[in-house]
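Each chain gets a letter, A, B and so on, in the order the sequences are listed, and its residues count up from 1.
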Amino acid sequence: MIKEQYNPQEIERKWQKFWDDNNIYKTPSESDKPKYYALSMFPYPSGRLHMGHVRNYTITDVIARLRRMKGYNVLHPMGWDSFGLPAENAAIQSNANPADWTISNIDYMRDQLKTLGLSYDWDRDIATCKPDYYKWTQWLFLELYKAGLAYKKEAAVNWCSDCATVLANEQVEEGQCWRCSTIVEKKNLSQWFLKITDYAESLLQDLDKLKGWSENVKLMQKNWIGKSQGTTIKFKLVENPDIEIPVFTTRPDTVFGVTYLVVAPEYPIINQLVAEENKDYVQKYIDAAKIKSEIERTSTEKDKTGIPLGTHVINPFNGKKVPLWTGDYVLVEYGTGAVMGVPAHDTRDFAFAKKYNLSIVQVIKKQQTGEEELAEAYVDPGVMINSGEFNDLDNETGKQKITEWAEQNNAGGRKVQFRLRDWLISRQRYWGAPIPIIYCDNCGIVPDENLPVLLPEDVDFKVQGRSPVSTSETFVNTTCPKCNKPAKRETDTMDTFICSSWYYLRYIDPKNEDKIFDSDLVNKWMSVDQYVGGIEHAILHLLYSRFFVKFLKDRGLVNFDEPFDNLLTQGMVLKDGSKMSKSKGNTVDPDDIFKNYGADTARLFILSDSPPQRDLEWSDEGVEGCYKFLNRVWRLVYNSRENIIFDYPELDANKLASKNNDLLRETHKAMKKVTADINNEFQFNTAISKYREFVNCIYDYVGKTKTYNDEDKAVLSNAIITLIKLMSPLVPHMTEELWSELGGSGSIHLIELPEHDESLAVSQNLPIVVQINGKVRDKLMLPFGSSNDDLENAAKDSEKIQSHILGKQVVKTIVVPNRLVNIVVK
RNA sequence: GGGCGAGUGGCGAAAUGGUAGACGCGCUAGUCUUAGGAACUAGUAGGUAACCCCUGUGAGAGUUCGAGUCUCUCCUCGCCCACCA
């Protein structure tokens, strides 16, 4: 018996237990059905779910549920990105163990996910902080090491003093730490890197294969990889012709306009380039540059500064002698660490030359104009002048010719330059996967194959400036696996982005103790059919994941190029116009919504107000509205319970009374619209509108029907049971309850979703718009499929239309079948 | 500075080049109630007393029988990258 009152809390608890007990959402690895891998970006277990999580996981859950009901074997797993700094900070504050803090958060959040009614296969739950997972993270590191893609080097790295650790390039935002906004310093440290730059070209090229990614995200990756085609040109030092300074340029066509050269202050051999009398002065400049923060140095507002080294270089193209400078706007990491100054054709160089009174030589002119004094740099295409044998070439041809000349005369050549730099992965923190490396005085760097290398527990978390791991004597002191002599362990841990860049592979084979995963299984399940997560991962996580998959393919462990076929980047959840955050105090706790309205209401609201890609403004009234709607559906079913026959007889549309035919048609229209909206475009908001329209329509029907004959009952039953089926992916608990109470057996979530019948979804009569000169003047109800002549005649017969045509000349008539007639008059 | 999006009622938003504002929130009036913040009914872009009609999708032009939608110029907002040579 259906209860009179909709009681979400009672229903939801009951069905969640039922689903759990009966393993409704367990995914068999083998099945005759086609596979579908639906994946949400797994959360960091910070303590409790926020609305962003609710949105992310509900979206993916609806997609997974719909696919399941469309006959797919759906993999829909969940896990925990559980290494990271917050656990360590919490440990320092409360003297707890990061592991305990993390595990209890995971347990709480897992319960919350269950409360939300998400259809996960919990048997595949993984946590990156557990040894049975990070063992394979370490294994992966060693594979990279053996392939020459993990290496250690001394480098000027980004240092966050607040987090007391180094940061990857990708983790520095506007010169500040991505996590705590502390201004990042440069420090010279010996650190581990992954050679992601080896894959720069394929990471760029394969973006074209990602048809299911938005252009926006692909472009962000493309810009980050930052490929530029250019030329290197070598300039010899006048004072010591054995020294060559190569520069990188994308404008070799302007080489005859070089009037100076600038090297970075950190240029490795800068000391050999300085004239004796300038040494003191230059050293001061270099020291000053070092202590400037990244943010000061890279500010575009500031004037460029530089000083002459007192020496000169020879331009190989024209033999001209030009002064050599150093300037802190030149980056030692990019290109060759040296640039040529062409003030006439580069705005930055122009400003620099004006400031320091350097000469300006024009070498490109606009077509058809003479040479004239430049008021600003001329950066557009043109014709080469003052360029010796290259004069009169258009500058694009000039680029080729100049580069060829450089190649032929040993003065440089073609060069492809990427902005992408190697991935700095070592962190001086505790709560991460230890880097499985041993340093031996005899054997040097030795990989430790005895995995997992477990995190020590006897550590001092409060140590400053070095990894807390280094305080564990038992961990640090070990023996060399090669020579058995005493040796020391690496005490840095890995960037947690390593752990989170391969997790989607582990879900497929989560309990494998012998291998990172079974390749056959992974090849069968990958790629991920639909990945859903926040736009904030557009670069870091997604780029790293793509890199790992390309590496694993090269190692023969997988046979696909890209991990994620389709990517949906969901918008943020806002309140009062800005992102929900604790610091702003504008958060809404999902638990409160579950408690007051139930998970079904939360799910419905989070999907109803905006399309998923767009930001969603939180609205208490909107939540209330969704709750009322669910109550409205409940009442509809409850009040009609006497007239609902679960096994209603088949309906013959040709024989139905017109009222019943109308409802049958609306039922098929709803089927069509809802599945199309969810399946193709993830337009949950318009799918939900359709639910409401359909419910309004059934209410109309019920309101008009005083007594029910068998045909009425069958049509009504069809409408209501279809409604419940269509709503079940979004509103899983309430629909399960109604399904069961109306007489359905098993779970509604395991049935097949019905397909609409197109012939039943079209109306017999359609409103046809009649326009005069594109303005609507009348609307006529005409049969579906009327011929163009019939439409035109009907339009011209209309009294309203005739009054508009009267006394005018009909120039032409446009007819769009089933839609409109436009009469053009003069 | 470069790149990418987006501008539609009081609000969230709909709209294969073809009836702009579906659906909802809010609001107004009414019904039922002791009462309702519940439910139901009707209305709700602006102008007009009002039907008709006129105006209307950031501004301006263009293409088209017809433009929220396509093209160009401009304005505003958001996001990403940014001394990248």
Completion exercise
A:L604 atom CG is separated from B:C25 atom P, nearest whole Å, by 12 Å
Handout entry: Whole-Å C1' distance, B:A50 and B:U33
Key = 36 Å
Completion exercise
A:L204 atom CG is separated from B:C84 atom C1', nearest whole Å, by 15 Å
Exercise for the section: In whole angstrom, give the distance that lies between atom CD of A:E792 and atom C1' of B:C65. Expected result: 13 Å
Fill in the blank from the handout: A:R419 meets the salt bridge (Lys or Arg N to Asp or Glu O under 4.0 Å) criterion, sequence neighbours left out, with none
Handout entry: Gap between atom NZ of A:K704 and atom OH of A:Y699 - 0.5 Å precision
Key = 15.0 Å
Practice task
Only pairs at least two apart or in different chains count here, so list each side-chain hydrogen bond (donor to acceptor under 3.5 Å, both in side chains) that has a residue in residues 222-233 of chain A.
Solution key: A:E170-A:W224, A:E201-A:K227, A:S228-A:Y334, A:T231-A:T403
Handout entry: Minimum-distance nucleotide (side-chain atoms of A:H804 versus B:A85, B:C4, B:C53)
Key = B:C53
Practice task
Could you work out the separation of B:A22 and B:G60 based on their C1' atoms and round it to a whole Å?
Solution key: 30 Å
Handout entry: Under-4.0 Å side-chain N/O to phosphate OP1/OP2 contact, A:K826 with B:C65
Key = no
Practice task
Quote, to the nearest angstrom, the P distance that separates B:G12 from B:G7.
Solution key: 12 Å
Handout entry: Chi class for B:G9: syn within 90° of 0, otherwise anti
Key = syn
Exercise for the section: Mind calculating the distance between CG (A:N223) and P (B:G1) to the nearest angstrom? Expected result: 18 Å
Close N or O pairs between protein and nucleotides 35-39 of chain B (under 3.5 Å):
unit_1: B:A38; atom_1: OP1; unit_2: A:K628; atom_2: NZ; d: 2.7
unit_1: B:A39; atom_1: O3'; unit_2: A:R635; atom_2: NH2; d: 3.2

Problem - Sugar-phosphate, base or nothing in reach of A:T249, heavy atoms under 4.0 Å - result: sugar-phosphate
Exercise for the section: Output the distance between atom CD (A:E666) and atom CE (A:M671), rounded to the nearest 0.5 Å. Expected result: 11.5 Å
Practice task
Side chain of A:V824 only, please: which of B:C65, B:C83, B:A85 is the nearest?
Solution key: B:C65
Handout entry: Residue whose nearest RNA chain B nucleotide is more 5′ - A:E215 or A:D346
Key = A:E215
Exercise for the section: Would you mind classifying the nucleic acid contact of A:S228 as base, sugar-phosphate or nothing, using non-hydrogen atoms under 4.0 angstrom? Expected result: sugar-phosphate
Completion exercise
Per nearest nucleotide of RNA chain B, the residue lying toward the 5' end, A:G335 or A:M220, is A:M220
Exercise for the section: Mind calculating the distance between CD (A:Q229) and P (B:C84) to the nearest angstrom? Expected result: 18 Å
Exercise for the section: To the nearest 0.5 Å, tell me how far A:L542 CG sits from A:W213 CH2. Expected result: 4.5 Å
Problem - Contacts of type ring pair (Phe, Tyr, Trp, His ring centres under 6.0 Å), residue A:F418, not counting sequence neighbours - result: none
For residues 815-824 of chain A, dump all side-chain donor-acceptor pairs below 3.5 Å to protein atoms at least two apart in sequence or in another chain.
unit_1: A:N818; atom_1: OD1; unit_2: A:G785; atom_2: N; d: 2.8
unit_1: A:N822; atom_1: OD1; unit_2: A:N773; atom_2: N; d: 3.4
unit_1: A:N822; atom_1: OD1; unit_2: A:G774; atom_2: N; d: 3.0

Handout entry: Test salt bridge (Lys or Arg N to Asp or Glu O under 4.0 Å) applied to A:K690 - qualifying residues, sequence neighbours left out
Key = none
Exercise for the section: Would you kindly give the CG-to-P distance between A:D778 and B:C52, to the nearest whole Å? Expected result: 12 Å
Handout entry: Aromatic centroids of A:Y356 and A:Y260 separated by under 6.0 Å
Key = no
Completion exercise
Between CG of A:D620 and C1' of B:C25 the distance, given in whole Å, is 12 Å
Handout entry: Whole-angstrom distance between B:U8 and B:G56, as gauged at atom C1'
Key = 10 Å
Practice task
Classify the side chain of A:K304 versus the base of B:C83 as yes if they form a donor-acceptor pair under 3.5 Å and no if they do not.
Solution key: yes
Practice task
For B:U64 versus B:U69, give the span between their P atoms, rounded off to a whole number of Å.
Solution key: 16 Å
Practice task
Keeping to residues at least two apart or across chains, list the side-chain hydrogen bond (donor to acceptor under 3.5 Å, both in side chains) pairs with something in residues 336-346 of chain A.
Solution key: none
Handout entry: Pairwise P distance for B:C70 and B:A14, with rounding to whole Å
Key = 16 Å
Exercise for the section: Could you run through nucleotides 10-24 of chain B and give me one letter per nucleotide, 5' to 3': B if any protein heavy atom sits under 4.0 Å from the base, S if only the sugar-phosphate is that close, - if neither? Expected result: --SSS-B-BBS-BSS
Handout entry: Rounded interatomic separation in angstrom, taking CZ from A:F418 and P from B:A85
Key = 13 Å
Exercise for the section: Could you give the distance separating B:G68 and B:A59 at their C1' atoms, to the nearest angstrom? Expected result: 15 Å
Exercise for the section: Check whether any side-chain heavy atom of A:Q683 sits under 4.5 Å from a side-chain heavy atom of A:K673, and report yes or no. Expected result: no
Practice task
Output the single nucleotide from B:C83, B:C65, B:C4 whose closest atom is nearest the side chain of A:K812.
Solution key: B:C65
Problem - Selection from B:C81, B:A85, B:C65 that lies nearest to any side-chain heavy atom of A:V330 - result: B:A85
Fill in the blank from the handout: Read 5' to 3' with Watson-Crick or G-U pairs under 3.5 Å, [ ] for crossing pairs and | for partners on another strand, RNA chain B gives (((((((..(((.....[....)))((((((.......))))))(((.....)))..(((((..]....))))))))))))....
Side-chain donor-acceptor distances from residues 620-633 of chain A under 3.5 Å, at least two apart:
unit_1: A:D620; atom_1: OD1; unit_2: A:W618; atom_2: NE1; d: 2.9
unit_1: A:E624; atom_1: OE1; unit_2: A:Y597; atom_2: OH; d: 2.7
unit_1: A:N631; atom_1: ND2; unit_2: A:Y627; atom_2: O; d: 3.0
unit_1: A:R632; atom_1: NH2; unit_2: A:N696; atom_2: OD1; d: 2.7

Show me the side-chain donor-acceptor pairs of residues 604-616 of chain A shorter than 3.5 Å, one per line, residues at least two apart or across chains.
unit_1: A:S608; atom_1: OG; unit_2: A:L604; atom_2: O; d: 3.4
unit_1: A:S608; atom_1: OG; unit_2: A:F605; atom_2: O; d: 3.1
unit_1: A:S610; atom_1: OG; unit_2: A:D615; atom_2: O; d: 3.4
unit_1: A:D615; atom_1: OD1; unit_2: A:M572; atom_2: N; d: 2.8

Exercise for the section: Quote, to the nearest angstrom, the C1' distance that separates B:U16 from B:G24. Expected result: 24 Å
Exercise for the section: Just jot down the salt bridge (Lys or Arg N to Asp or Glu O under 4.0 Å) partners of A:D422, sequence neighbours excluded, or say none. Expected result: none
